[in-house]
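Numbering of ligands and ligand atoms starts at 1, following listing order. For the single chain, residues carry numbers from 1 onward in sequence order. Because the structure is predicted, anything quoted here is derived from the model rather than measured.
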Amino acid sequence: MKPDLFEAPDYYNLDELLTDEHKLVRDAAREWVKRDVSPIIEDYAQKAEFPTQIINGLAEIGAFGPYIPAEYGGAGLDQISYGLIMQEIERGDSGVRSTASVQSSLVMYPIWKYGNEEQRNKYLPKLASGEWMGCFGLTEPDHGSNPGGMVTNFKDMGDHYLLNGAKMWISNAPFAQVAVVWAKNEEGRIHGLIVERGMEGFTTPETHNKWSLRASATGELIFDNVKIPKENLLPNKSGLGAPLGCLDSARYGIAWGAIGAAMDCYDTALRYSKERIQFGKPIGQFQLQQKKLAEMITEITKAQLLTWRLGVLRNEDKATSAQISMAKRNNVDMAINIAREARQMLGGMGITGEYSIMRHSMNLESVITYEGTHDIHLLITGMDVTGLNAFK
Ligand code: TGC
Ligand code: FAD
């Protein structure tokens with residue numbers, strides 16, 4: 001792969017909206033990605049393997065629990081710093097950002113928000129340091145967009161719970177020590193359970209043959225009469241709103257992350273357009289190529305503004321789930337379109353692993369599907385503006 005020469009576009013001087021702490025956190029993440037992710041990531045994607053050696057680095061830049069209080073090992077940062085870390089990581093690779101998103105928003109967040117003090121103290125510091133990795137089991141083979149229909153269930157056996165069922169498409173599953181799993185009790189109420197690797201009847205087969213997010217490990221979670229200690233139930237929230245609340249935090253991070261992938265594609269195409277000569281001129285001098293670049297930077301700038309504003313609303317605890325859906329949907333769509341255009345601007349070179357664009361493009365096919373598909377988020381916006389529910 002070519003050396004990482006990334007220069008971040010900031011067409012509207014958005015840096016002026018950031019605090020010194022935001023810039024410090026962002027720049028540290030940016031440097032780390034250049035040093036420890038860019039040189040290796042293409043190889044790992046080609047091999048379809050998660051580079052476990054970057055786990056310590058992710059912990060060091062605050063990517064595991066950026067906004068979790070420091071008393072539990074988190075970085076204690078605000079929502080904009082959290083977003084900027086996700087942006088920089090996904091600038092490197094969406095699969096690496098996935099690992100961080102799942103650890104922070106889907107494992108640490110529910111333990112912090114819905115767990116008790118013993119659970120917080122037992123799990124959060126080890127998850128923040130990367131000593132333990134986590135995964136989040138919501139999706140099932142027959143229940144993806146409609147998680148409320150899940151069939152994974154647990155029974156109260158007196159001194160423990162008995163968990164049965166299966167989850168599919170679970171990021172980090174093949175290597176996670178801890179799984180936050182959503183299952184129905186005998187009354188059909190959804191609860192979160194903390195399942196640990198090594199519990200009898202719990203297996204995590206890896207999912208192979210992915211053309212997307214190849215540097216992220218994906219797997220199933222299978223529960224065959226798994227005995228769960230009673231103290232592993234998350235006590236402070238139940239119902240579908242509990243897992244969906246975690247998704248709000250992860251979707252917000254993805255909205256920032258997608259900007260990172262788009263910035264990398266734009267920056268690569270811009271540089272290439274000045275270097276590649278055809279018909280005696282740099283291809284960037286042709287109007288058709290300029291149109292592509294001008295539209296890319298316009299869309300990136302709009303997404304940056306939308307997402308920065310969402311971060312301010314989140315810091316004030318005022319962002320709605322529907323606002324988060326709009327940003328996730330808009331930004332991932334923006335990024336996937338930019339990746340396609342940028343890929344074309346590189347001609348044949350665009351399909352090779354010499355450049356990051358094709359990898360971003362393939363990764364974004366997962367990002368546009370997970371955490372609520374493009375169409376599900378459109379329906380959430382539709383429901384919000386009309387007051388009419390297309391899901392019922
Ligand atoms: P509905 O009846 O609308 O809602 C049930 C309850 O949930 C509440 N609620 C929310 N709460 C918090 N945050 C949200 N975003 C919420 N959305 C809804 C709602 O108020 C209600 O509460 P209550 O108290 O009245 O019971 O539920 P529904 O069954 O009609 O479904 C609505 C729908 C379709 C929007 C929802 O199911 C959905 O978002 N589906 C998409 C599923 C999804 O996003 N799955 C993601 C799995 S995890 C993943 O993909 C990780 S990839 C990570 C990575 O690798 O980076
Ligand atoms: P389906 O729900 O079957 O949807 C198929 C199509 O139908 C989509 O286009 C969808 O938009 C459309 N559709 C569905 N319902 C409607 C409707 N009401 N109206 C209009 N169109 C509709 N899940 C986890 O729990 N944890 C994870 O860590 C995790 N990681 C993932 C990693 C990867 C790489 C991938 C690909 C997925 C991951 N997922 C994870 C699962 C992901 O959240 C689901 O794939 C996603 O929610 C969609 O579910 P589905 O694949 O079953 O598609």
Side-chain angles (χ1 to χ4, degrees), residues 48 50 63 86 89-90 93-107 109-110 113-114 133-150 152 166-174 176 179-183 188-190 192 204 206-221 237-258 319-326 328-329 332 362-384 389-392:
F50 173 71
M86 295 300 125
I89 299 176
E90 191 147 1
D93 190 79
S94 306
V96 179
R97 197 269 308 136
S98 265
T99 295
S101 291
V102 169
Q103 183 89 341
S104 298
S105 295
L106 301 182
V107 181
Y109 176 87
K113 280 285 174 185
Y114 314 146
M133 294 301 292
C135 67
F136 173 89
L138 180 64
T139 306
E140 299 187 352
D142 294 329
H143 301 95
S145 298
N146 175 29
M150 70 174 69
T152 297
K167 300 288 176 179
M168 192 179 178
W169 294 118
I170 308 304
S171 302
N172 299 355
V180 169
V181 175
W182 301 94
R189 182 91 184 153
I190 294 172
T204 60
E206 184 155 2
T207 303
H208 296 290
N209 288 331
K210 290 183 302 169
W211 283 109
S212 173
L213 281 201
R214 288 169 64 81
S216 160
T218 313
E220 294 168 59
L221 304 176
K237 193 165 165 84
S238 64
L240 186 58
L244 292 180
C246 309
L247 297 187
D248 275 359
S249 172
R251 290 166 176 173
Y252 167 74
I254 291 172
W256 281 93
T320 65
S321 299
Q323 286 169 334
I324 295 167
S325 279
M326 180 186 280
K328 191 268 183 186
R329 179 175 185 274
V332 179
M362 294 193 301
N363 282 342
L364 289 163
E365 292 293 340
S366 286
V367 183
I368 204 164
T369 291
Y370 67 33
E371 293 279 2
T373 67
H374 188 66
D375 287 343
I376 291 297
H377 287 297
L378 175 110
L379 294 175
I380 292 172
T381 307
M383 176 162 62
D384 198 46
N389 188 338
F391 301 110
K392 305 285 184 204

How long is the gap from CZ on Arg251 to NE2 on His377, to the nearest 0.5 Å? 4.0 Å
For the atom pair CD (Glu220) and CD (Glu140), what is the distance rounded to the nearest 0.5 Å? 12.0 Å
Does one side chain, of Thr218 or Lys210, offer a donor that lies under 3.5 Å from an acceptor on the other? yes
Do Tyr370 and Ser98 meet the criterion of a side-chain donor-acceptor pair at a distance under 3.5 Å? yes
Non-hydrogen protein atom less than 4.0 angstrom from [atom]:
atom: atom 23 (P) of ligand 1; value: no
atom: atom 6 (C) of ligand 1; value: yes
atom: atom 3 (O) of ligand 1; value: no
atom: atom 20 (O) of ligand 1; value: no
atom: atom 15 (N) of ligand 1; value: yes

Amino acids in close contact with ligand 2, where any non-hydrogen atom sits under 4.0 angstrom away: Phe136, Leu138, Thr139, Gly144, Ser145, Trp169, Ile170, Ser171, Leu213, Ser366, Thr369, Tyr370, Glu371, Thr373, Asp375, Ile376, Leu379, Phe391
Suppose we screen for ring pair (Phe, Tyr, Trp, His ring centres under 6.0 Å). Which residues come up paired with Tyr109, at least two apart in sequence or across chains? none
Per atom 50 (O) of ligand 1, closest listed option by heavy atom (Glu371, Lys392, Arg251): Glu371
